[in-house]
Amino acid sequence: MKAYVTGLFLAAALPLAPVAATAQPASTAATVDGKAAVAGIRHILSQNYVLPEVRPKLDAILAKGLAEGRYAVSDPNILADRINQDLKSVAHDKHLSVAYDPAGSTELAAQPPGAGDDDAPPTAADIRAAERRNHGIVQMKLLPGNIRYIEYNGFVWAGPDAAKAIDQAMGFLSSGDAAIIDLRFNGGGSPEAVQYMISHFLAPNRPIVTFHMGANRVNTLSSLAALPTGRMVGKPLYVLTSGMTASAAEEFTGHVAGFKLGEIIGENTAGAGFRNAFFAVPGGFVISVSVGRAVLASTGKDWEGVGIAPTDPVPAAKALEVAQVHAMRKIAATAASAEKALLDAYAVVLSAQVDPVTTALPLSAYAGQFGERSVTLENGQLMFQRNGAPKHPIVAIAANQFAFQDEPYEQLTFAVAGNSATGFELVRSDGSHVTASRNPRPAAPSASAPIPRPSSGGAR
């Protein structure tokens, strides 16, 4: 099964070093032969590690550990941890790791040569696991302004069904005025899935990446000649990234950045650019080894150790809102006047949520009862409510001006005196205006005072 990112058999969307994360508890009777395990690892690395000039350094650090008795331990998990610490001190390779996994080691040892390679065909277990995850497509949402969003948490490729899942997602995106692809939690996966997805944004038959797999294996992939759902060349495209965006997800991000297909919004990606294979190690261990290097056609470079830099660096938690702002402004630039005004209003509110506006008064000073309408402060958020109607969050867009988060075309402008808001003017989406003054502080109710009843008016 083709995959960059480490992890046994179904690699996509697992953490960067899941081989270590899958370490098995050692039984009370477990014994470990550190010398045999390290000897096996040294042989595997000498024959397979992607960078020939680094192989002697890896061998030297392991030989040093043996000589110093560092690996003379009885707990196999401790042995794996110590080996990983030493390997990473030399290689700084996020795909290189060892885990104590007797079941996985036995399975790998029983399979024919190449079964642990990242280009091995998917197993039945791979396909079942991919189906349960909808092949990595975990969300599809329609956002305001006909912006289409998908969250893709693994470049899963497990046969034709994976292509169908991507087809559905790409068909959904193609009907939008802009597309957002969220890779913030995408740990990687298959080059075939990357090829399939990126082809929707490129002309046919364009070289995209070359894989150098050892001395004699070179494989170049190009954008596909035909796609069931057509292409989206030129559609505004925004890719969301974080430090967890890794491997195959970085390849996709690199294509978008290198070919200038769209904007990269978020954080620098992980820098895990090598391809890996899995090998059984004596004593019930499994090692993930980087065995190949990917070079992007658009830049002539890989991304190992450096990652892909965003075009708009922002905290990952804010990336979606920032992407929406960019998309809305892009769409608004060519929209009709009414649509442009609405998109601009949404962009202003989203921008204010990302970078809060400083108000003239503390938010608590705007809270109060204004005729039949009230403004309350709840968990740092101002809420507007007309008697008996639902509450609506409002967001500051100027010193004394607020917009409704769910309907940004409707806005409140407060009048202030001293340290308090004395009233407001509400502008509704239909252009009508409502003014209200702050209610005077009520006197203590008498026994015969009438019970106030909610208004039968509109929501605002």
Side-chain angles (χ1 to χ4, degrees), residues 139-152 169-170 172-184 200-202 231-242 245 252-253 255-268 308-359 392-413 427-431:
Q139 280 197 79
M140 295 193 293
K141 291 195 293 189
L142 174 62
L143 300 173
N146 193 26
I147 298 167
R148 303 295 178 98
Y149 164 93
I150 67 168
E151 181 185 354
Y152 191 37
M170 295 299 100
F172 174 75
L173 292 183
S174 68
S175 297
D177 293 322
I180 298 175
I181 300 177
D182 191 345
L183 303 181
R184 288 176 292 179
H200 291 80
F201 301 95
L202 286 169
R231 299 177 194 269
M232 293 177 273
V233 178
K235 183 180 291 292
L237 174 63
Y238 305 88
V239 177
L240 312 186
T241 60
S242 75
T245 306
F252 183 89
T253 304
H255 295 323
V256 173
F259 288 122
K260 301 187 186 309
L261 305 178
E263 297 182 39
I264 313 301
I265 299 178
E267 299 170 351
N268 204 86
I308 306 294
T311 54
D312 190 353
V314 300
K318 296 182 177 182
L320 176 55
E321 289 76 12
V322 172
Q324 287 181 260
V325 171
H326 288 208
M328 286 174 177
R329 288 177 175 161
K330 179 83 170 179
I331 299 167
T334 57
S337 57
E339 183 183 3
K340 174 178 171 55
L342 183 58
L343 288 167
D344 286 340
Y346 268 112
V348 166
V349 170
L350 281 168
S351 295
Q353 290 176 266
V354 174
D355 295 309
V357 172
T358 301
T359 52
H392 301 275
I394 58 175
V395 178
I397 59 173
N400 290 307
Q401 188 176 11
F402 294 75
F404 287 84
Q405 186 173 305
D406 55 354
E407 192 66 49
Y409 212 47
E410 300 195 351
Q411 298 179 359
L412 287 171
T413 302
V427 179
R428 295 194 180 108
S429 57
D430 62 4

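Note that this is a predicted model, so its numbers are computed, not measured.
Partners of R184 by salt bridge (Lys or Arg N to Asp or Glu O under 4.0 Å), not counting sequence neighbours, listed by chain and number: D182. The side-chain hydrogen bond (donor to acceptor under 3.5 Å, both in side chains) test applied to Q324 returns no partner, not counting sequence neighbours. Looking at residues two or more places apart in sequence or on another chain, you find no ring pair (Phe, Tyr, Trp, His ring centres under 6.0 Å) involving Y346. Residues satisfying the ring pair (Phe, Tyr, Trp, His ring centres under 6.0 Å) test with H200, not counting sequence neighbours, are Y196. The side-chain hydrogen bond (donor to acceptor under 3.5 Å, both in side chains) search around S429 returns E410, not counting sequence neighbours. Partners of E339 under the side-chain hydrogen bond (donor to acceptor under 3.5 Å, both in side chains) rule, at least two apart in sequence or in another chain, do not exist in this structure. Under the side-chain contact (heavy atoms from CB on, under 4.5 Å) criterion, D406 pairs with H392, F404, R460, not counting sequence neighbours. Applying the side-chain contact (heavy atoms from CB on, under 4.5 Å) rule to E321 yields the partners L350, V354; only residues at least two apart in sequence or on another chain are considered. The side-chain hydrogen bond (donor to acceptor under 3.5 Å, both in side chains) check on E263 picks up H326, with sequence neighbours excluded. Under the side-chain contact (heavy atoms from CB on, under 4.5 Å) criterion, R231 pairs with S199, P204, L227, V233, not counting sequence neighbours. Contacts of P356 classified as side-chain contact (heavy atoms from CB on, under 4.5 Å), with partners at least two apart in sequence or in another chain: none.
Expressed to the nearest 0.5 Å, how far CD1 of I308 lies from OG1 of T253 amounts to 7.0 Å. For the atom pair CD1 of I150 and CG of L240, the computed distance is 10.5 Å after rounding to the nearest 0.5 Å. To the nearest 0.5 Å, atoms OG1 (T241) and CG (N268) are separated by 7.5 Å. With rounding to the nearest 0.5 Å, the separation of CG in N146 from CG in L343 is 10.0 Å. F402 CZ to T413 OG1: the interatomic distance, rounded to the nearest 0.5 Å, is 10.0 Å. The distance from atom CG of L261 to atom CE of M232, rounded to the nearest 0.5 Å, is 11.0 Å.
Among the candidates I147, I265, I181, the single residue satisfying the side-chain contact (heavy atoms from CB on, under 4.5 Å) test with Y238 is I265. Checking each of Q411, Q401, Q405 against V395 for a side-chain contact (heavy atoms from CB on, under 4.5 Å) leaves exactly one that passes, namely Q405.
The two residues K330 and P236 make their nearest non-hydrogen contact at CG-CG, 3.9 Å. Contact detail for G266 and A319: the closest heavy-atom pair is CA-CB, 4.1 Å. Between L142 and F172 the shortest heavy-atom distance is N-CZ, 3.9 Å. Between L183 and Y152 the shortest heavy-atom distance is CD2-O, 3.7 Å. Between T359 and A396 the shortest heavy-atom distance is CG2-CB, 3.5 Å. Between S242 and A316 the shortest heavy-atom distance is CB-CB, 3.7 Å.
Under the 4.5 Å side-chain criterion, counting only non-hydrogen atoms from C-beta, S351 is in contact with R329.
Under the 3.5 Å distance criterion, the side-chain polar atoms of Q139 are left unmatched by any main-chain donor or acceptor of E151.
Counting only residues at least two apart or on different chains, the salt bridge (Lys or Arg N to Asp or Glu O under 4.0 Å) pairs with a member in residues 342-357 are K340-D344.
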